[in-house]
Amino acid sequence: MTISIRPRDPVARPFFAGEVSGIDITRPLTPQQAAAIDKGMDQYGVLVFHDQHFDDESQLAFSRNFGRLEEASGDLNWGKARRLESALVNDISNLDNDNQVMARDDRKRLFSLGNRLWHSDSSFKEVPAKYSLLSARLIPSAGGNTEFADMRTAYDALDDATKSEIENLVCEHSQLYSRSLLGFDDFTAEDRVRFKPVLQRLVRRHPSTGRKSLFLASHAGAIVGWPVPEARALLRDLIEHATQRQFVYAHEWKQWDLVMWDNRATMHRARPFDAKEVRDMHRTTVGCERSTMAEAA
Ligand SMILES: [Fe+2]
């Protein structure tokens with residue numbers, strides 16, 4: 001069987017979210033297979049693979065086909081004891097270090113609820129994420145979808161006046177800001193240093209396709225040179241624009257799905273589920289080669 005990549009929704013969103021079949025990505029890829037997947041990412045922005053029985057080692061091996069892997073240093077408890085062995089695997093679960101479902105008021109759980117807000121992974125790092133790869137190890141019986149918004153189509157749909165107004169704007173991104181939107185401010189002095197704002201361009205050009213996109217996230221809390229309330233009002237308007245239903249694909253997870261997305265071309269958010277049930281997802285992350293400020297230069 002050969003690898004096949006087809007649109008998941010050929011009618012409504014022909015170029016957004018592809019479904020890949022005919023390949024076992026838990027096994028080593030040929031260079032041709034890796035190139036076909038990369039090409040699919042450029043076209044779709046989100047790729048879905050079913051029935052991929054990954055462990056962390058095989059997920060890391062698959063991820064390395066696409067570039068340098070990022071450390072999971074956006075975690076609240078980075079540097080402390082953690083549930084997963086590899087520092088290159090993000091723990092996107094509701095489990096504590098003893099594999100028990102976290103208490104409702106667990107600080108780490110409350111911090112992680114920030115994932116319910118629209119974001120692009122690691123936009124709060126100077127060099128943000130290129131691809132994220134999320135493997136569904138255990139899923140709840142209902143809910144817990146991940147929604148993706150296509151920031152290329154959303155950019156294209158802006159009027160010309162808005163496009164020229166935002167062309168050269170630079171935003172400040174920080175997890176301190178996105179968490180404060182939900183009322184979470186339980187940060188240590190050390191967290192505040194680690195999560196200090198970084199600069200990101202608001203409009204990016206994709207290095208492979210040349211397409212422009214909005215680089216938005218709930219982490220963006222300021223625009224350089226703008227009064228803060230005016231900046232936040234514009235960012236809120238842009239997020240509202242970019243997440244209209246016609247730009248959004250909602251992924252309903254099956255166990256052992258692997259979904260891979262391009263953070264340069266999309267935003268995403270997690271949806272709620274019964275907090276008493278287990279949801280165990282492992283994420284590997286391929287970093288961009290340079291900051292968005294350097295990309296523009
Ligand atoms: Fe995320």
Side-chain angles (χ1 to χ4, degrees), residues 16 38 41-42 44-46 66-68 70 73-74 114-115 117-132 148-181 194-244 247-248 261-269 285-297:
F16 184 34
D38 240 338
M41 286 296 285
D42 285 345
Y44 292 99
V46 179
F66 308 102
R68 167 191 64 85
E70 213 185 60
S73 57
N115 290 326
L117 303 178
W118 287 105
H119 64 281
S120 175
D121 285 334
S122 300
S123 77
F124 53 84
K125 294 182 181 176
E126 193 181 324
V127 177
K130 180 171 89 165
Y131 296 161
S132 293
F148 297 92
D150 185 345
M151 307 304 282
R152 304 159 297 185
T153 318
Y155 175 83
D156 292 344
L158 291 171
D159 60 60
D160 289 343
T162 308
K163 281 180 184 164
S164 68
E165 182 183 31
I166 67 173
E167 175 69 21
N168 291 310
L169 295 183
V170 173
C171 301
E172 292 184 9
H173 289 235
S174 170
Q175 294 205 97
L176 298 174
Y177 177 65
S178 49
R179 271 50 191 179
S180 78
L181 290 174
R194 194 152 57 87
F195 297 146
K196 71 173 193 307
V198 301
L199 299 180
Q200 303 290 2
R201 290 184 58 87
L202 179 51
V203 177
R204 294 177 84 171
R205 188 182 283 282
H206 196 284
S208 312
T209 64
R211 284 190 75 179
K212 283 187 174 177
S213 61
L214 285 167
F215 192 47
L216 286 169
S218 302
H219 306 307
I223 296 174
V224 175
W226 280 44
V228 168
E230 198 176 0
R232 291 191 185 177
L234 173 64
L235 292 167
R236 184 179 280 238
D237 281 351
L238 290 172
I239 288 181
E240 263 180 34
H241 162 79
T243 56
Q244 297 174 78
F247 303 137
V248 172
W261 63 90
D262 187 339
N263 289 289
R264 301 167 298 184
T266 60
M267 273 203 298
H268 60 281
R269 67 172 178 176
T285 316
V286 179
C288 282
E289 276 156 30
R290 55 187 71 84
S291 73
T292 58
M293 303 302 287
E295 268 173 11

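In this text, all values refer to a predicted model and were calculated from it rather than measured experimentally.
Under the side-chain contact (heavy atoms from CB on, under 4.5 Å) criterion, D38 pairs with F66, Y131, not counting sequence neighbours. Partners of R269 under the salt bridge (Lys or Arg N to Asp or Glu O under 4.0 Å) rule, at least two apart in sequence or in another chain, are E147. For A220, the side-chain contact (heavy atoms from CB on, under 4.5 Å) test picks out C171, H173, L235, with sequence neighbours left out. Shown here are the side-chain contact (heavy atoms from CB on, under 4.5 Å) partners of K163, two or more places apart in sequence or in another chain: Y155, L158, D160. With sequence neighbours excluded, the residues that form a side chain to side chain donor-acceptor pair (under 3.5 Å) with S178 are H219. For S174, the side chain to side chain donor-acceptor pair (under 3.5 Å) test picks out no residue, with sequence neighbours left out. Considering only residues two or more places apart in sequence or on other chains, K125 meets the side chain to side chain donor-acceptor pair (under 3.5 Å) condition with E70, S73. Judged as a side-chain contact (heavy atoms from CB on, under 4.5 Å), and not counting sequence neighbours, the contacts of R290 are A294, E295. Listed by chain and residue number, D150 satisfy the side chain to side chain donor-acceptor pair (under 3.5 Å) test with R152 (two or more places apart in sequence, or in another chain). Checked against salt bridge (Lys or Arg N to Asp or Glu O under 4.0 Å), E167 has the following partners two or more places apart in sequence or in another chain: K212.
Between F148 and F16 the shortest side-chain heavy-atom distance falls below 4.5 Å. By the 4.5 Å heavy-atom criterion applied to side chains, R201 and N168 are counted as neighbours. L169 places none of its side-chain heavy atoms less than 4.5 Å from the side chain of V224. Between C288 and R204, the closest side-chain pair of non-hydrogen atoms falls below 4.5 Å. When side chains are defined from C-beta on, M151 does not count as touching D262, because their heavy atoms never get closer than 4.5 Å.
Only one option out of W261, Y44, F247 pairs with T266 in a side chain to side chain contact (heavy atoms under 4.5 Å, CB included); it is W261.
Expressed to the nearest 0.5 Å, how far CG of D156 lies from CZ of R211 amounts to 5.0 Å. In this structure, CG in L238 is found 5.5 Å from CG in L216, a value given to the nearest 0.5 Å.
D42 places no side-chain N or O within 3.5 Å of a backbone atom of T209 that could act as its donor or acceptor partner. A donor-acceptor pair under 3.5 Å is formed between the side chain of S213 and the backbone N or O of R264. In terms of modelled atom types and a separation under 3.5 Å, the side chain of S218 and the main chain of W118 share a donor-acceptor contact.
Across every non-hydrogen atom of L199 and M293, the tightest pair is O-CG, 3.9 Å. Considering every non-hydrogen atom in both S132 and T285, the closest pair reads OG-CG2, 4.1 Å. Across S291 and V127, no two heavy atoms sit closer than the pair N-CG2, 3.9 Å.
Among residue pairs with one or both ends in residues 214-226, none qualify as salt bridge (Lys or Arg N to Asp or Glu O under 4.0 Å); sequence neighbours excluded. Identified under the side-chain hydrogen bond (donor to acceptor under 3.5 Å, both in side chains) test for residues 232-241, with sequence neighbours left out: H241-Q244.
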Can you check side-chain contact (heavy atoms from CB on, under 4.5 Å) on M267 and L214, steps first, answer last? CA-CA 9 Å; M267 273 203 298; L214 285 167; over 6 Å; no
Run F215 and T292 through side-chain contact (heavy atoms from CB on, under 4.5 Å) and show every step you take. CA-CA 9 Å; F215 192 47; T292 58; 4.0 Å; yes
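At a cut-off of 3.5 Å, with distance as the only test, no side-chain donor of N263 or S123 sits close to an acceptor on the other residue. Between the side chains of D121 and H268, at least one donor N or O sits under 3.5 Å from an acceptor N or O.
Within a 6.0 Å radius of CD in E165, other residues, nucleotides and ligands contribute more than 12 heavy atoms.
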